[in-house]
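A quick write-up on the structure given underneath.
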Amino acid sequence: MTTKIQSYLSEEINSITQLGGYENLNYLIKTNTSKYILKTYLYNEDTYDLLTEENRILTHLQNFKDTETPHPIKFNNNETLLIININNEQRICRLLSYIEGQFLGETKINSEELLSSLGKTIATLNNNLKNFKSYFYKSRKWEWNIENLYLNKKYLDDIDKVENKRVATYFIDQFDANVIPKAEELRKSIIHNDINEWNVLIKDNNISGIIDFGDVTYSFTINELAIAIIYATYNNETYLTNALSIIKSYHEVKPLTNIEIDCLYYIIAARLVISVCNSAHARKTNPENDHAFISEEKAWKMLHYLVATNPIYFSNTIKETLGFKIKTLPNIEQVKEKRHQHLAKILSVSYKKPIYVEKAAFQYMYDAYGNTFLDAYNNIPHVGHSHPKVVKAGQEQISKLNTNTRYLYEILNIYAEKLLSKFPPSLSKVFFVTSGSEANDLAIRMAKKHTGHSNVMVVEHGYHGHTQADIDISDYKFNNPKGQGQKDYVIKTEIPDTYRGRFTKNDGTAGKQYAEIAINDINSSPNKIAAFIAEPIVGCGGQIPLAKGYLKPVYEAIRAQGGICISDEVQTGFGRLGDHFWGYEAENVIPDMVVIGKPIGNGHPMAAVICTDEIADSFNTGVEFFTSFGGNPVSCAIGLAVLEVIEEENLQENARIIGNYYKEEFALLQKNFPCIGDIRGSGLFLGFDIIKDNTTEADTELAHHIKNELRERNILISTDGPADNVLKTKPPLIFTKKDVDIVIQNTKIILENHYNEK
């Protein structure tokens, strides 16, 4: 090759050294008097046109002396592009001037002076290019142009880790929702499009040159700043702090607009997504190309940082730095006051200082003031807030069809079959409704119709919903001092609690003893029992698991006198318990009915009753069953997506692993803090009993203190139980060990402070 290139140069080549490159081969050429960069590309017409246009840009930039950029060197045939044969390949060759300087990537990019210089340099470059016209770049559809982020969707399946794939997909959706609608208001121009640490040169702690214009495109001007921020900050974890230095100096040269600042968070994320998608694809198609993976790990780290950062905080911090006026929001008390103008105060809120939420993503909730909260509390967004697959399923279906079950549509059959596949064959019929309360109401109605009996047996402290029929069978409600009292047809049996109950040996012994009490209650009933209903873990009882060996003999006794057995899985179902998909499986029993809700739709209002053919047949003889919204196409599409996500992301197993880790870490706290009593539950449905030191006496005040102090530290859990002293945590199933560590570390600090103040 050296001989061929030499024939086109007037100067004699002393040495030629190959350099790194992503798609093309680059060389450093040294002569007696000069250095040049030789770049070679596989020949095709599109590449030739692209290089011709790039040379136009480089020639244009020679009119500006503020920052050095390469300029095209003519070969001795007076052309700037050569087409020659190298190693039996036809290649395009071009020669560029060599710019002296140290690469930005060879230094620590954390000095205010250097970051400010970078901001001013790229702003100046954007000003120098703002009037450059190029039809070629305007018409080019290219996946590295952030505006064309959608072109990278085809690479999402190449991403190996499910937790990464969902984050990348989420940010593509967020870009579509938050940037594309504002596209007409965002300034556009020709931009360099790849201001990374290996394309920027420095001298004396200032930017001296910019090289490699191979990624030039026509797009949003703000993209230039976004890309520079990524590569200048991703080696440090003080992303935003360092970004502010770049943004401030950029703004001094090329003032930003409000809309550009509001979009910057999403544009940064979009560029990172393009990078990781292309890296994932390259790993499968060209695994030897190490250049394609240089920044991948850093890009993922930054994406996870962004998803844990409230976009309002991100944009407001920039605006405050630049002196923009921040939108004034009402304070929490004003928000509460407005709420009470229209809604009754009986509609309660969580925490002494409620949260004024704006958005949510996965295990995070964002409030309107810019704070991010780690959600270790909400069990309804089962697979994570705003999970992109679930969101997409709902959006696509509602754009096609949403009607009721009096019409025939395939998604109802598909979802019903998929859902029933999660149950044993005997549970073969499903009735769709819109809430767990409605489902339990329907279940009791069906039980009474099937058995001809009217009595219902319930467990102490149980809760089954807010309809009148549900309240009547919920000891948590009817036994409240403000409740309506126990109805004559309701039989309440003792909760099989092995922590505070009278039997505590949870090896099956206590379960049998509690079952004997329940069986005695059954036999003592003057009327036959239509149904026995129980949660596998009694949530409002303080996350109390039913004692081992309890359900089987109780189920046998209920069935022996003609009743049916109902498992209320509204809170415990869909793999939350880790070891089992449904809670009843832990007791090695099969109910006659299962009631499901809450996580079934990841926040979309839906629920269901699952039952045997015999029960469904009995119900068929009664008045027609119909619900306007139960089983509608949108609900079915969303429910199907939730089931698919649980399987694809192996979330039941994640619940098991993270739940066990959670309990282990809390057990370590328990050794140092005698206020922690029982640690119970399964998977990611856990309760931590807060007690007076070394007793079993509930410490409600301390439990509330911990809950509210965690809230002040932007961590959400809640309390429950008859004394409201049990810390309950039931986060989205995507919770991680890192998330658990945050909860544990902050709880430890709160308890240390508590004991120090005693």
Side-chain angles (χ1 to χ4, degrees), residues 112 115-116 118-120 122-123 126 171 174-175 177-187 220-226 228-230 232-233 236-271 302 305-339 341 349 351-361 364-375 385-386 711-716:
E112 177 74 23
L115 293 168
S116 295
L118 179 62
K120 289 176 182 177
I122 58 176
N126 288 162
F171 275 121
Q174 291 300 303
F175 183 85
N178 294 282
V179 178
I180 294 302
K182 298 174 183 175
E184 295 302 316
E185 301 173 76
L186 292 169
R187 293 178 291 182
F220 307 133
T221 308
I222 189 66
N223 294 359
E224 195 88 284
L225 178 60
I229 287 170
I230 290 169
T233 65
N236 303 296
E237 294 193 6
T238 53
Y239 300 112
L240 187 53
T241 302
N242 287 352
L244 290 174
S245 298
I246 303 170
I247 293 166
K248 187 176 180 181
S249 58
Y250 183 98
H251 180 70
E252 290 171 0
V253 176
K254 191 173 184 68
L256 297 166
T257 67
N258 255 301
I259 289 176
E260 287 175 328
I261 295 170
D262 287 338
C263 290
L264 189 56
Y265 169 93
Y266 301 103
I267 290 172
I268 289 172
R271 173 61 181 224
M302 196 170 188
Y305 158 81
L306 286 173
V307 82
T309 302
N310 190 327
I312 296 172
Y313 167 79
F314 195 92
S315 60
N316 280 355
T317 302
I318 295 170
K319 289 178 181 178
E320 287 173 351
T321 300
L322 301 183
F324 282 66
K325 186 177 180 181
I326 306 299
K327 180 183 176 182
T328 303
L329 294 173
N331 61 39
I332 285 293
E333 290 305 314
Q334 291 170 324
V335 175
K336 282 175 61 179
E337 185 178 344
K338 184 174 182 180
R339 174 185 170 111
Q341 289 176 7
V349 294
Y351 311 107
K352 289 180 180 177
K353 184 180 179 182
I355 300 168
Y356 184 24
V357 291
E358 179 87 8
K359 292 182 70 173
Y364 303 107
M365 298 185 77
Y366 311 131
D367 76 5
Y369 307 109
N371 300 300
T372 300
F373 294 86
L374 177 63
D375 187 359
H385 294 277
S386 307
R711 180 258 175 266
E712 289 301 309
R713 294 167 175 268
N714 292 5
I715 300 165
L716 306 182

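The residues of the chain are indexed from 1 along the displayed sequence.
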Mind checking side-chain contact (heavy atoms from CB on, under 4.5 Å) for [X] and listing every partner two or more places apart, or none if nothing turns up?
X	answer
V253	K120, A123, T124, N127
E712	K353
K182	E185, I259, D262, C263
Y305	Y239, L240, T309

Among residues at least two apart in sequence or on other chains, which ones pass ring pair (Phe, Tyr, Trp, His ring centres under 6.0 Å) with [X]?
X	value
Y356	Y369
Y313	none
F373	none
F324	H251

- Item | Pairs meeting criterion side-chain hydrogen bond (donor to acceptor under 3.5 Å, both in side chains) with involvement of residues 325-338, two or more places apart |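 Listed once each, the pairs would be none.
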Below 4.5 Å, heavy atoms only, C-beta onward: do [X] and [Y] meet side chain to side chain?
X	Y	answer
I326	E320	yes
M302	T233	yes
S249	L115	no
Y265	F171	yes
N258	K319	yes
L256	L264	no
R339	V349	yes

Between [X] and [Y], what is the shortest heavy-atom contact and its length?
X	Y	answer
I332	P354	CD1-O, 3.4 Å
A243	I229	CB-CG2, 3.6 Å
F314	I268	CZ-CD1, 3.8 Å
S315	I261	O-CG2, 3.7 Å
A232	L118	CB-CD2, 3.6 Å

- Enter the distance from N126:CG to T221:OG1 here, rounded to the nearest 0.5 Å.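 Answer for the CG-OG1 pair, N126 versus T221, is 6.0 Å.
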- Task: Could you tell me the separation between the OG1 atom of T257 and the CD1 atom of I222, rounded to the nearest 0.5 Å?
- Result: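 Here the rounded value is 7.0 Å.
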- Taking only residues two or more places apart in sequence or in another chain, which ones pass side chain to side chain donor-acceptor pair (under 3.5 Å) with D375?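 For D375 the side chain to side chain donor-acceptor pair (under 3.5 Å) partners, ignoring immediate neighbours, are N378, H385.
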- Can you name the residues that form a side chain to side chain donor-acceptor pair (under 3.5 Å) with N178, not counting sequence neighbours? Q174
- Item | Chi angles and distances behind the side chain to side chain contact (heavy atoms under 4.5 Å, CB included) call for V179, L186 | CA-CA 9 Å; V179 178; L186 292 169; 4.0 Å; yes
- Task: Would you mind listing every salt bridge (charged side-chain N to carboxylate O under 4.0 Å, His left out) that reaches into residues 245-260, with sequence neighbours excluded?
- Result: R187-E260
- Task: Apply side chain to side chain contact (heavy atoms under 4.5 Å, CB included) to the pair N714 and T372, showing each step before the final yes or no.
- Result: CA-CA 7 Å; N714 292 5; T372 300; 5.5 Å; no
- Item | A360 backbone acceptor or donor facing S386 side chain under 3.5 Å | yes
- Item | Step-by-step side chain to side chain contact (heavy atoms under 4.5 Å, CB included) determination, I122 to Y250 | CA-CA 7 Å; I122 58 176; Y250 183 98; 3.6 Å; yes
- Query: Going through the distances and angles, do K359 and I312 end up as a side chain to side chain contact (heavy atoms under 4.5 Å, CB included)?
  - Reply: CA-CA 10 Å; K359 292 182 70 173; I312 296 172; over 6 Å; no
